[in-house]
Enquirer: 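Please read through the structure below; I'll follow up with questions.
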Amino acid sequence: MNQASLLKIDGLSYGTPDGRPLVKGLDVDLGSGQILAVTGPNGTGKSTLLQVLLGAHRALSGTVSVRATTVGYLAQLQNREFHIPMTLADVMAIHNSGSFSRVQATGLGLLDTAALSLSWNTASGGERQKTLLTQILLSKPQLLVLDEPTNHLDAKSRSHLLGLLDDYVASGDRSIIIVCHEKLITEHSLHQVKVLDLSKFAS
Amino acid sequence: MQALFSIYAVTILAASVLGAALAGLGTQLAARDRAMQTLCISQGAMLGVLLGLGIFDFMADLALVSSGAPFVLGLVLAAATSYVSERLAASGGSSNNTHFAALFAVLLACGYLISALFPMLESHMSQKYFGDLATLSRSESYATLAVGLVLLPSAIVFRRQITRDSFAIAILGAPQKSTKWGNLFAVGSLIVLCFCIQTVGFLFTIACLFIPTSVLSFGGKSGLTRHIVSCAMVGGLATALGFILSLVFSHLPTVPTIIAVMTLAAGLFTKPWNKS
């Protein structure tokens with residue numbers, strides 16, 4: 001079945017901040033219950049597309065209409081240390097004020113109770129990434145935008161995450177945009193996935 | 001000695017509460033990697049305060065400017081410095097700290113030039129840079145206490161909301177739109193910095209902002225609440241103890257004594273954590 005459109009892109013063209021053209025004439029209509037996998041070689045403008053959708057980068061032409069009422073965005077993990085020595089539980093708590101519980105956090109299966117006591121600054125890249133993914137999934141935005149969310153994750157965690165994403169769109173009026181490499185999509189069977197290969201829109 | 005303490009009781013209390021509050025604010029500025037930018041903004045505020053004092057002195061007989069001129073000009077120049085520093089940071093090129101260091105040098109030179117234009121400012125400049133809490137008037141002490149009493153609970157009660165923005169800026173690098181908390185933090189920080197530069201001075205302000213959080217970040221145990229509360233405790237207690245020491249030993253200057261005690265206290269506070 002085809003649900004309401006949460007994102008509509010018409011004739012979008014955009015480039016790098018210094019004016020190098022990247023993509024021309026992009027059209028997308030993303031309905032609820034769907035996953036849009038944005039793929040393409042390095043430098044084709046996958047992350048820049050997300051910035052255009054979020055209004056942080058200006059398009060050269062075309063229109064973007066985000067109809068979702070709430071949008072959650074997870075950028076690529078930079079793996080930086082944070083000055084305030086926080087635990088992973090603190091990171092969860094600041095993003096889910098008032099509603100955070102350890103049961104919820106561990107219920108998704110990405111983190112276990114012991115991991116929540118780890119320090120952000122000494123946790124591995126994978127543990128940091130799982131923390132950020134858990135908090136954004138718990139915040140339940142209608143449109144979830146993820147930039148390379150499987151970076152730093154091992155094979156088992158990658159597979160588990162993709163299962164969670166499948167469940168996420170299946171369980172409500174939601175959709176996901178995920179920037180990833182094509183291999184990830186071919187190796188895992190995601191339902192309701194639309195693949196957008198940006199190299200076909202290179203200007 | 002008892003009479004001396006009774007004279008300074010309100011000032012000690014006010015400085016201690018403000019010291020604790022600044023330490024709480026400093027954790028968030030440090031978390032956003034804004035320490036160098038804060039030096040620039042404080043120097044901008046200092047420039048405005050000096051300019052305001054100079055103009056006030058020059059036109060005092062004409063009664064054209066009120067005594068609020070230094071604060072207002074401080075706020076305007078701090079806001080302008082904040083804007084310029086943000087633009088420099090957004091422009092890329094060299095590291096942000098390089099841009100901020102260059103801006104700081106320019107503002108420092110401007111302050112010196114202004115003091116040359118208004119010779120009476122030399123003593124004011126020294127006072128505003130190095131401060132002397134013991135010379136705060138009764139009304140300045142009450143104003144300092146009031147600012148501290150607003151800022152300290154805010155830094156603790158709203159720590160999660162403010163830290164969420166700090167985390168997004170420092171770690172996620174996500175495209176940030178203006179948020180309610182982001183705007184409140186930016187405006188509140190500017191007002192607090194200007195007020196502090198004008199009343200308690202540049203050195204005390206910067207020391208309280210960054211010494212506790214810098215030293216305590218070496219602590220062994222993690223925890224958002226633990227860090228912010230510990231910083232506030234070190235800032236407040238060290239200010240009180242340092243102030244009292246400088247009254248007992250009258251040859252000790254107030255602010256440097258407070259800073260020495262603060263550094264020592266933060267170090268002691270950190271050590272037991274490393275053992276656990």
Side-chain angles (χ1 to χ4, degrees), chain A residues 16-18 47-58 66 71-100 115-123 125 127-129 131-133 135-136 139 145-149, chain B residues 23-35 90-93 155 157-179 181 209-210 212-232 269-270 273-274 276:
Chain A
T16 59
D18 61 354
S47 297
T48 310
L49 171 63
L50 302 190
Q51 304 228 340
V52 172
L53 300 185
L54 295 165
H57 184 67
R58 192 172 292 177
V66 178
V71 179
Y73 171 59
L74 186 59
Q76 283 188 46
L77 181 63
Q78 303 296 315
N79 237 352
R80 297 181 187 128
E81 296 204 344
F82 192 52
H83 171 80
I84 300 174
M86 295 205 299
T87 61
L88 299 188
D90 285 326
V91 175
M92 297 290 302
I94 61 172
H95 288 97
N96 296 280
S97 307
S99 63
F100 166 71
L116 289 172
S117 307
L118 293 173
S119 164
W120 171 268
N121 289 339
T122 55
E127 286 159 337
R128 292 179 183 185
Q129 184 74 324
T131 305
L132 297 177
L133 286 164
Q135 71 81 12
I136 202 164
S139 65
V145 183
L146 305 170
D147 194 352
E148 306 263 12
Chain B
L25 174 65
T27 58
Q28 301 295 345
L29 292 170
R32 295 166 192 222
D33 203 14
R34 297 291 166 94
S91 69
V157 172
F158 302 118
R159 65 191 180 283
R160 289 203 173 97
Q161 292 88 334
I162 301 170
T163 306
R164 182 170 57 221
D165 276 2
S166 302
F167 190 83
I169 292 166
I171 302 296
L172 302 179
Q176 292 298 303
K177 291 183 178 174
S178 294
T179 62
W181 286 105
L209 282 174
F210 298 118
T213 191
S214 170
V215 179
L216 290 174
S217 67
F218 293 109
K221 281 191 178 173
S222 296
L224 172 65
T225 307
R226 176 195 298 267
H227 183 75
I228 292 178
V229 170
S230 302
C231 287
F269 224 83
T270 304
W273 293 4
N274 284 333
S276 58

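Order of the sequence lines fixes the chain letters, A, B, ..., with proteins taken first and strands second; residue numbering starts at 1 for each chain. The shown structure was predicted, so the numbers you read here are calculated from the model rather than taken from an experiment.
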Enquirer: Can you find a pair of side-chain heavy atoms, one from A:Ile84 and one from B:Phe167, that are under 4.5 Å apart?
Expert: no

Enquirer: Does the side chain of A:Phe82 come within less than 4.5 Å of B:Leu224's, by heavy atoms?
Expert: no

Enquirer: Does B:Arg160 use its side chain to pair, donor to acceptor, with the backbone of A:His95 at less than 3.5 Å?
Expert: no

Enquirer: Could you grab the distance from atom CD of A:Glu81 to atom CD1 of B:Ile171, nearest 0.5 Å is fine?
Expert: 8.5 Å

Enquirer: Does some side-chain heavy atom of B:Ser222 sit less than 4.5 Å from a side-chain heavy atom of A:Met86?
Expert: no

Enquirer: Specify which of A:Thr122, A:Thr87, A:Asn121, A:Leu50 makes the most heavy-atom pairs with chain B at under 4.5 Å.
Expert: A:Thr87

Enquirer: Examine the side chains of A:His83 and B:Thr27 and answer whether a donor and an acceptor come within less than 3.5 Å of each other.
Expert: no

Enquirer: Just how far is it from atom CG of A:Asp90 to atom OG1 of B:Thr225, taken to the nearest 0.5 Å?
Expert: 6.5 Å

